[in-house]
Engineer: 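Quick one: this structure, given as structure tokens, is what I'll be asking you about.
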Amino acid sequence: MKDKETLEPLHEATLWYYTIKDPEVPEQAIVDWLSWLQASNENTQAFEKIEQLMQLTTQAKEIDWPDDNELLDDDYVGEMSVQQWRLNQKGWRKWYSIFLDFKLPAKKNLIPSFAISIVAFALFVLLSAQMPNFNESDIAVSVHETGSGQHERIELDDGSIITLGAQSLISVAYSEDQRKVLLERGEAYFDVAKDPNRPFVVGSGSRTVTAVGTEFNIMRQSERVVVTVAEGKVLVEPKSKPSSVPRIIKAFKKKYGNTNTFLIAGQQLTYNKDTISDVEAANSKAVTSWKEGSLQYLTEKLKFVVEDINRYSEHPIRIGDELVANQAYSGTVYANRIENWLDSISKAFPVKILTHNNGDIVLVTDTTKIKNNSDH
């Protein structure tokens, strides 16, 4: 790549194209290519034209990004060179995507799948020195799981306390630099000890919740995650951070938008893998009443109420149709008196309760009640 500064952009882009296509491309060449791409829009556009000429603008396939447990298993050591670390690994292909866990939309004119892999690899090289060292030698990892109707109080080394709700699963990972928790399912209340040098980060679903010293509640359900702050302030942001490569930035923003959100005491938001709600006022005492054995709701859809109750119910409860699922419920459910709640539901709503021989309970629409109501 001698005298590249004197070359026309398209000629230069062609040379770069063949350079990065080489399976044995050296890391430094990738770093130089990224720098060239970012130097000007003209360079980026030239490279895109070359891709088109080479008929490589096929739809980018989704990459099998690591899940939460694989992120915890990151064992890259920042003190050694990337080249040396790579030589020490048997399965080196897994680590180039550690810091990116979003899936790029499958659309035309995105960097082809092989190029995306190279970009991720190179960006890891560039950013690895700034990444927290979550290595096996200096990390303490513990897993906690509760059964139906069970709660668990977890006291961490730094003084933070996690109250884990029924049928919940979390992984806790502490190092000298960071405090990380992964809420895989269920609900947890976090009372975080202040440590400005080590943010307390909870990952759940597609986003993370970061606090220094505060109290907040996270409930993870099949369709959503609900974050409520009882004291202090937290930051809710997508797990995936945009890189410095222009096209990846565009893909990221198109999928997630600028969705970093601060929540203070008495505020709540809901998100899923694609969207995030507006910040709303919330009664934190009602939200966290589950710690005392009662579940309180205000105009909540029955499908979410039932999913919550199922973590305490002896027999599974299922929703039989959409009409029942979308009924708005307000009230209190006592975890040790779910049968009483089912009886009240059948009286207050057009809902019929079906009980199978195996004990499973299904809530379906009672059409006779709907008909009777329409006659009045």
Side-chain angles (χ1 to χ4, degrees), residues 146-151 164-169 183-189 204-207 209 217-228 236 267-284 286-291 293-356 358-371 373:
T146 54
S148 178
Q150 296 179 339
H151 292 171
L164 197 60
Q167 289 192 28
S168 300
L169 174 64
L183 177 61
E184 302 286 352
R185 67 168 184 268
E187 188 165 21
Y189 185 83
S204 190
S206 61
R207 299 176 188 273
V209 180
N217 191 86
I218 300 181
M219 176 174 63
R220 181 172 184 177
Q221 296 183 311
S222 58
E223 296 183 18
R224 64 177 190 171
V225 177
V226 182
V227 181
T228 308
V236 181
Q267 291 185 335
Q268 179 184 85
L269 64 74
T270 302
Y271 64 84
N272 57 33
K273 64 179 181 179
D274 297 318
T275 63
I276 184 169
S277 73
D278 293 331
V279 175
E280 300 176 344
N283 185 330
S284 57
V287 171
T288 60
S289 63
W290 61 267
K291 296 191 295 179
S294 65
L295 311 174
Q296 298 182 21
Y297 306 95
L298 179 62
T299 61
E300 184 65 276
K301 290 183 178 181
L302 270 179
K303 64 179 180 179
F304 295 128
V305 174
V306 167
E307 185 171 353
D308 202 15
I309 291 174
N310 268 329
R311 295 190 289 111
Y312 297 86
S313 179
E314 181 179 355
H315 299 289
I317 305 172
R318 293 187 286 114
I319 298 290
D321 56 66
E322 283 298 311
L323 187 58
V324 173
N326 293 319
Q327 292 285 330
Y329 174 80
S330 296
T332 300
V333 183
Y334 293 97
N336 59 353
R337 288 185 288 183
I338 293 176
E339 290 183 0
N340 292 347
W341 176 78
L342 287 169
D343 184 55
S344 68
I345 282 292
S346 64
K347 294 176 180 178
F349 292 87
V351 172
K352 181 187 296 184
I353 299 175
L354 306 178
T355 304
H356 292 285
N358 62 0
D360 287 5
I361 300 167
V362 182
L363 306 184
V364 298
T365 300
D366 189 338
T367 55
T368 61
K369 289 185 178 180
I370 294 178
K371 183 178 180 180
N373 289 337

Engineer: Apply side chain to side chain contact (heavy atoms under 4.5 Å, CB included) to the pair Leu298 and Asn283, showing each step before the final yes or no.
Structural biologist: CA-CA 10 Å; Leu298 179 62; Asn283 185 330; over 6 Å; no
Engineer: List the residues meeting salt bridge (Lys or Arg N to Asp or Glu O under 4.0 Å) with Arg185, not counting sequence neighbours, and say none if there are none.
Structural biologist: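 For Arg185 the salt bridge (Lys or Arg N to Asp or Glu O under 4.0 Å) partners, ignoring immediate neighbours, are Glu145.
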Engineer: I'd like to check the side chain to side chain donor-acceptor pair (under 3.5 Å) partners of Asn340; sequence neighbours left out, ordered by chain and number.
Structural biologist: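 Checked Asn340 against side chain to side chain donor-acceptor pair (under 3.5 Å); zero matches.
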Engineer: In a table with atom names and distances, give each donor-acceptor pair under 3.5 Å that connects a side chain of residues 345-356 to protein atoms at least two apart or in another chain.
Structural biologist:
| unit_1 | atom_1 | unit_2 | atom_2 | d |
| --- | --- | --- | --- | --- |
| Ser346 | OG | Asp343 | O | 2.7 |
| Lys347 | NZ | Asp343 | OD2 | 3.3 |

Engineer: If a pair satisfies salt bridge (Lys or Arg N to Asp or Glu O under 4.0 Å) and one of its residues is in residues 296-306, list it, with sequence neighbours excluded.
Structural biologist: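 Non-adjacent pairs meeting salt bridge (Lys or Arg N to Asp or Glu O under 4.0 Å): Glu223-Lys303, Arg224-Glu300.
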Engineer: Listed by chain and number, what are the side chain to side chain donor-acceptor pair (under 3.5 Å) partners of Tyr271, not counting sequence neighbours?
Structural biologist: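 Checked Tyr271 against side chain to side chain donor-acceptor pair (under 3.5 Å); zero matches.
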Engineer: Can you confirm whether Glu339 is buried at CD, in the sense that more than 12 heavy atoms of other residues, nucleotides or ligands lie under 6.0 Å from that atom?
Structural biologist: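 Incorrect, the count does not exceed 12.
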Engineer: Residues in side-chain contact (heavy atoms from CB on, under 4.5 Å) with Ser284, at least two apart?
Structural biologist: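 Partners of Ser284 under the side-chain contact (heavy atoms from CB on, under 4.5 Å) test: Thr228, Ala230.
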Engineer: If every non-hydrogen atom of Tyr312 is compared with every non-hydrogen atom of Ala335, which pair is closest and at what distance?
Structural biologist: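 Nearest heavy atoms, Tyr312 then Ala335: CD2-CB, 3.7 Å.
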Engineer: Shortest non-hydrogen contact from Ala282 to Gln268?
Structural biologist: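 In terms of heavy atoms, the two residues are closest at CB-CB, 3.6 Å.
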Engineer: For Asn310, check side chain to side chain donor-acceptor pair (under 3.5 Å) against everything at least two apart and list the hits.
Structural biologist: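 Once residues adjacent in sequence are excluded, Asn310 has no partner under the side chain to side chain donor-acceptor pair (under 3.5 Å) criterion.
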Engineer: Donor-acceptor pairs are to be reported for all side-chain atoms of residues 317-331 against protein atoms at under 3.5 Å, with residues two or more places apart or in another chain.
Structural biologist:
| unit_1 | atom_1 | unit_2 | atom_2 | d |
| --- | --- | --- | --- | --- |
| Asp321 | OD1 | Leu323 | N | 3.2 |
| Asp321 | OD1 | Val324 | N | 3.0 |
| Asp321 | OD1 | Thr365 | OG1 | 2.6 |
| Asp321 | OD2 | Thr365 | N | 2.9 |
| Asp321 | OD2 | Thr365 | OG1 | 3.0 |
| Glu322 | OE1 | Asn326 | ND2 | 3.4 |
| Asn326 | ND2 | Glu322 | O | 3.2 |
| Tyr329 | OH | Trp341 | NE1 | 3.2 |
| Ser330 | OG | Thr299 | N | 2.7 |

Engineer: Under the side-chain contact (heavy atoms from CB on, under 4.5 Å) rule, collect the residues that match up with Ser294, sequence neighbours excluded.
Structural biologist: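 Checked Ser294 against side-chain contact (heavy atoms from CB on, under 4.5 Å); matches are Ser289, Gln296, Thr332, Tyr334.
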Engineer: Write down the atom of Asp278, the atom of Leu269, and the distance for their closest heavy-atom approach.
Structural biologist: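 Asp278 and Leu269 have their closest heavy atoms at O-CB, 4.2 Å.
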Engineer: List the atom of Ser313, the atom of Ser148, and the distance in Å for their closest heavy-atom pair.
Structural biologist: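 That would be O-OG, 3.4 Å.
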Engineer: Evaluate the side-chain proximity of Glu187 to Asn217: yes if any heavy-atom separation is below 4.5 Å, no if none is.
Structural biologist: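 Answer yes - side chains close enough.
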Engineer: Is there a side-chain contact between Phe304 and Tyr297 (heavy atoms, below 4.5 Å)?
Structural biologist: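 When only atoms from C-beta onward are counted, Tyr297 and Phe304 do not touch, as no gap falls below 4.5 Å.
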Engineer: Would a distance-only check, ignoring hydrogens and angles, find a side-chain to backbone donor-acceptor pair under 3.5 Å from Ser344 to Leu342?
Structural biologist: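 Pair absent, no side-chain N/O of Ser344 close to backbone of Leu342.
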Engineer: Looking at every heavy atom in both Asn272 and Arg207, which two are closest together, and how far apart are they?
Structural biologist: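 Closest heavy-atom pair between Asn272 and Arg207: O-NE, 4.3 Å.
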Engineer: Considering non-hydrogen atoms only, spot the tightest contact between Ala166 and Arg311 and give its length.
Structural biologist: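 Of all heavy-atom pairs spanning Ala166 and Arg311, the closest is O-NH1, 2.7 Å.
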Engineer: With no hydrogens and no angle check, is any side-chain donor or acceptor of Ser204 less than 3.5 Å from a backbone partner on Leu183?
Structural biologist: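 Indeed, once roles are kept as given, a pair shorter than 3.5 Å links the two residues.
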Engineer: Can you see whether Gln221 engages Asp308 through a side-chain donor-acceptor pair at a distance of less than 3.5 angstrom?
Structural biologist: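 No pair is found: no donor N or O on one side chain lies under 3.5 Å from an acceptor on the other.
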